Peer 1: 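Have a look at the structure that comes next, please.
Residue numbers start at 1 and run along the sequence shown. Please read all numbers here as calculations on a predicted model, not as lab measurements.
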Amino acid sequence: VENRGIVMPGLNDMSVKVLDGIPRHSYTGNIAEATKQAIGKAKEKYAPDGKAKVLHYDNNGTEFDYTISGNAIEICLSPKHQAKSGNKGAHLALAEHLDEVINHSVEVEEHPDYIKGKDGKRGARINPIALMHRFYGAVVIDGVPCRVMTLMREEKSAATDNGIHSYEVQKIEV
């Protein structure tokens, strides 16, 4: 699928505040055990008692409410999504800092929610009730500068909250 998104106007005039001081994660055991701990801690913070907290984004003149649900946490921390990041440890380190990352990021693009076909690939069909927003931010995790791409999903339905869809962490190389 070619890129059919809209690049946000005014990007050349925006700046990204680097979110510094995120420590290496403190989870223990193998990657499966550490992931389970990260999911538990993130759910404690963002979706206590199974109900997602409403969070607020206010950056570069844009404001909106969003949630980080328990289901979204499980998806974002799944092995499939961890594999999209350059380092699984860095990916897990952000589990309890997602709101901070999002609040320091800038929106760079919005595009339709393309529906996956039976082959698992996104095609030309569009989900008419959702719009995807791509954000980029910069963080320093355990002394290593990284960029973070966060994908947020905006729902047209008032019954469904806007929320995080996925995120990826990549080391910034000069």
Peer 1: Does Y167 have its ring centroid less than 6.0 Å away from the ring centroid of H91?
Peer 2: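 Close enough - the centres of the two rings lie under 6.0 Å apart.
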Peer 1: Residues two or more places apart in sequence or in another chain: which of them pass side chain to side chain donor-acceptor pair (under 3.5 Å) with E100?
Peer 2: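 Testing E100 for side chain to side chain donor-acceptor pair (under 3.5 Å), a comparison that skips the adjacent residues, returns H97.
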Peer 1: Could you tell me which residues satisfy side chain to side chain donor-acceptor pair (under 3.5 Å) with Y46, sequence neighbours excluded, listed by chain and number?
Peer 2: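 With neighbours one apart ignored, the set is D99.
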Peer 1: So, applying side chain to side chain donor-acceptor pair (under 3.5 Å) with R134, which one of E109, E110, H165 is it?
Peer 2: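 Exactly one option meets the side chain to side chain donor-acceptor pair (under 3.5 Å) with R134, and it is E109.
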Peer 1: Kindly write out the residues that satisfy side chain to side chain donor-acceptor pair (under 3.5 Å) with S69, not counting sequence neighbours, or none if the list is empty.
Peer 2: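 S69 satisfies side chain to side chain donor-acceptor pair (under 3.5 Å) with no other residue.
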Peer 1: Indicate the atoms forming the closest heavy-atom contact of I68 with A52, along with that distance.
Peer 2: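 Closest pair (atom of I68, atom of A52, distance): O-CB, 4.0 Å.
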Peer 1: How long is the span from the NE2 atom in H133 to the OG atom in S105, to the nearest 0.5 Å?
Peer 2: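 If I round to the nearest 0.5 Å, the distance is 14.0 Å.
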Peer 1: Any idea which heavy atoms bring Y57 and I102 closest together, and the distance?
Peer 2: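 For Y57 versus I102, the nearest heavy atoms are CE1-O, 3.1 Å.
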Peer 1: Can you measure from CD1 (I75) to CG (L77) and round to the nearest 0.5 angstrom?
Peer 2: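 One gets 10.5 Å once the value is rounded to the nearest 0.5 Å.
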Peer 1: What pairs with E33 under side chain to side chain contact (heavy atoms under 4.5 Å, CB included), at least two apart in sequence or on another chain?
Peer 2: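 Once residues adjacent in sequence are excluded, the partners of E33 under the side chain to side chain contact (heavy atoms under 4.5 Å, CB included) criterion are N30, Q37.
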Peer 1: Suppose we screen for side chain to side chain donor-acceptor pair (under 3.5 Å). Which residues come up paired with T150, at least two apart in sequence or across chains?
Peer 2: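 With neighbours one apart ignored, the set is empty.
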Peer 1: Please list all pairs passing the salt bridge (Lys or Arg N to Asp or Glu O under 4.0 Å) test where one or both residues lie in residues 73-83, with sequence neighbours left out.
Peer 2: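 Pairs touching residues 73-83 that pass the test: K43-E74.
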Peer 1: Work out which heavy atom in I141 is nearest to a heavy atom in P23; give both atom names and the distance.
Peer 2: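 Between these two residues, the closest heavy atoms are CG2-O, 4.1 Å.
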Peer 1: Please name all residues satisfying side chain to side chain contact (heavy atoms under 4.5 Å, CB included) with K36, sequence neighbours left out, ordered by chain then number.
Peer 2: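 Residues passing side chain to side chain contact (heavy atoms under 4.5 Å, CB included) with K36: none at all.
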Peer 1: Do the side chains of M132 and M149 join up, straight or via other hydrophobic residues, at under 4.5 Å, putting them in one cluster?
Peer 2: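 Result: yes, single cluster for both.
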Peer 1: Would you mind listing every salt bridge (Lys or Arg N to Asp or Glu O under 4.0 Å) that reaches into residues 49-59, with sequence neighbours excluded?
Peer 2: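 Of all non-adjacent pairs touching residues 49-59, none passes salt bridge (Lys or Arg N to Asp or Glu O under 4.0 Å).
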Peer 1: Nearest 0.5 Å please: distance from the CG atom of D113 over to the CD1 atom of I126.
Peer 2: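 So the CG of D113 and the CD1 of I126 are separated by 9.0 Å.
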Peer 1: Of all residues at least two apart in sequence or in a different chain, which pass the side chain to side chain contact (heavy atoms under 4.5 Å, CB included) check with I31?
Peer 2: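 I31 satisfies side chain to side chain contact (heavy atoms under 4.5 Å, CB included) with T35, Q82, K88, L92 only.
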Peer 1: Working to the nearest 0.5 Å, report the span between CG of D20 and NE2 of H104.
Peer 2: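 NE2 of H104 is found 10.5 Å from CG of D20.
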Peer 1: Output all residues satisfying ring-ring contact (aromatic ring centres under 6.0 Å, His included) with H25, sequence neighbours left out; order by chain, then residue number.
Peer 2: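 Listed in chain order: Y27.
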Peer 1: Using a cut-off of 6.0 Å, state whether more than 12 heavy atoms not belonging to K45 lie near its atom NZ.
Peer 2: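 Yes - once you tally the heavy atoms of other residues, nucleotides and ligands closer than 6.0 Å, there are more than 12.
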Peer 1: Starting at OH of Y114, measure out to CZ of R125 and round the result to the nearest 0.5 Å.
Peer 2: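 Those atoms lie 13.5 Å apart.
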Peer 1: So how far is it from E96 CD to I73 CD1, rounded to the nearest 0.5 Å?
Peer 2: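 Spacing of CD (E96) from CD1 (I73) equals 10.0 Å.
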Peer 1: Apply side-chain contact (heavy atoms from CB on, under 4.5 Å) to residues Y66 and I164 and explain how you reach the verdict.
Peer 2: CA-CA 8 Å; Y66 67 97; I164 189 171; 5.7 Å; no
Peer 1: Can you get from L151 to V106 by hopping between Ile, Leu, Val, Met, Phe, Trp and Tyr side chains that sit under 4.5 Å apart?
Peer 2: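 Linked, L151 and V106 end up in one cluster.
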Peer 1: Can you name the closest pair of heavy atoms from S166 and C76 and give their distance?
Peer 2: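 Answer, listing the atom of S166 first, then C76: CA-SG, 3.6 Å.
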Peer 1: Measure up the F64 and F135 rings against each other and bin them: parallel (under 30°), tilted (30 to 60°), perpendicular (over 60°).
Peer 2: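 Ring orientation of F64 relative to F135: tilted.
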Peer 1: Run through the side-chain heavy atoms of Ile, Leu, Val, Met, Phe, Trp and Tyr, join any pair under 4.5 Å, and report what else lands in V140's cluster.
Peer 2: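 When side chains under 4.5 Å apart are linked, the cluster holding V140 also contains V18.
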Peer 1: State, to 0.1 Å, how close P128 and K156 come at their nearest heavy-atom pair, and which atoms those are.
Peer 2: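 Scanning both residues completely, I find the closest heavy atoms to be O-NZ, 3.1 Å.
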Peer 1: Is there a path of hydrophobic side-chain contacts, each under 4.5 Å between heavy atoms of I, L, V, M, F, W or Y residues, that connects L55 with M152?
Peer 2: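 In one cluster: yes.
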Peer 1: Sequence neighbours excluded, which residues qualify as side chain to side chain contact (heavy atoms under 4.5 Å, CB included) partners of E173?
Peer 2: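 Expected list: K171.
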